[in-house]
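Worth knowing before you read on, the calculation uses all heavy atoms, side chains too, and leaves out hydrogens, waters and symmetry mates. Just follow the structure's listing: the first ligand is 1, and inside any ligand the first atom is 1.
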Amino acid sequence: MAEVTADQVLSKLNELDLHLSPEINYRLETIFLEIEGFFVNKKIREKFQLVQWIEPFLKEVLLEHEQVLFVSRGGRELDCQRVIFALTNLRMLCMHQTGNHAGCPYWTIYYSQIEALKNTFLEHPKFYFKDGTKLSLRDFPKQELPTLHDVFEKSSQRFQEQELDPTVSQSRENICGNCFKIVSNQGNHCEACGANFWSPFEIGIRSLFFPLWGSFTIRPFSFALAELSTYVVFGLSVLVLEAKSNPVLVALMFVLFHMTASAVGYKLTAKGLYLKEVPADSAAANDQFDGSLNPDAPTRFS
Ligand SMILES: [Zn+2]
């Protein structure tokens, strides 16, 4: 793949009438890797949409001299939840993609907390974190692997050379979805803004009674609605086809379905923070936030 320059990418984006926020410092040539070839306009538009989805989050959390170097996504192994991530010159920032919505939960991982980035035997990128946890992403675009490794290695090395090692409570730090400050791993409450988060147990129990209850609680409404349609079709099909001849089998299928939904809801909630309650005054302050940099960020680099 021929390398591109920032100017070439910028003129291509302008040609397609795609404009990223001028408030964010992007290294365009390692985010948009191609500007020529088959279906290139479609690929650029898809990548642009991905970057645009996470821009509101980036505006909240990026530090003064932080530059966004790489943006992509992949499906987490085991639960296949899609994760959008950005590599900056300081860290990795992640969030969930649910349908056409990007949002909670959010994480930040400094390079000092990432011990290695390797490929699995299926050529999926796999991050190994210092506290023993891992993040493997399937369906990651293979053509982006060399750039991902290159950006990671160089940024990580630069971080080490400066002997930076910010204090953390765990490698993958949770970020509050209301005030965007780091919430330590000590529970379901944000000390900074007073927001509360759903516990895995609460969502697990809701999903056990009614699988969509958990989804409607923590997922975007449109996504939960689509899941509800699937559940109704599944339920009606099972009832119509098997209710009379195999009532025990039908009951068993529903029990298994509810137990699976409960386990999935529990696991999702255990992996990150989903907002439950936001104090009224904090919500108002958040609505008025103008996107300027957070003056109380835990660690400032220059
Ligand atoms: Zn908060």
S.K.: With a 6.0 Å cut-off on ring centres, are Phe257 and Tyr231 close enough?
M.R.: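 Phe257 vs Tyr231: aromatic centres under 6.0 Å.
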S.K.: Got a second to check how far Leu208's CG is from His258's NE2, nearest 0.5 Å?
M.R.: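 With rounding to 0.5 Å, CG (Leu208) is 8.0 Å from NE2 (His258).
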S.K.: Between Tyr106 and Phe180, does the ring centre distance come in under 6.0 Å?
M.R.: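 Yes, ring centres under 6.0 Å apart.
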S.K.: Working to the nearest 0.5 angstrom, can you tell me the gap between Leu275 CG and Ile218 CD1?
M.R.: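 So the CG of Leu275 and the CD1 of Ile218 are separated by 11.5 Å.
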S.K.: May I ask you to determine how many protein N/O/S atoms are under 2.8 Å from the Zn ion (ligand 1)?
M.R.: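 Considering protein N, O and S only, the Zn ion (ligand 1) has 4 within range.
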S.K.: Residues in salt bridge (Lys or Arg N to Asp or Glu O under 4.0 Å) with Lys154, at least two apart?
M.R.: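 Counting only residues at least two positions away or on another chain, Lys154 forms a salt bridge (Lys or Arg N to Asp or Glu O under 4.0 Å) with Asp150.
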S.K.: Checking side-chain polar atoms at under 3.5 Å, does Tyr26 have a donor or acceptor matched by the opposite partner on Glu55?
M.R.: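 Looking only at side-chain atoms, Glu55 and Tyr26 do form a donor-acceptor pair, the distance falling under 3.5 Å.
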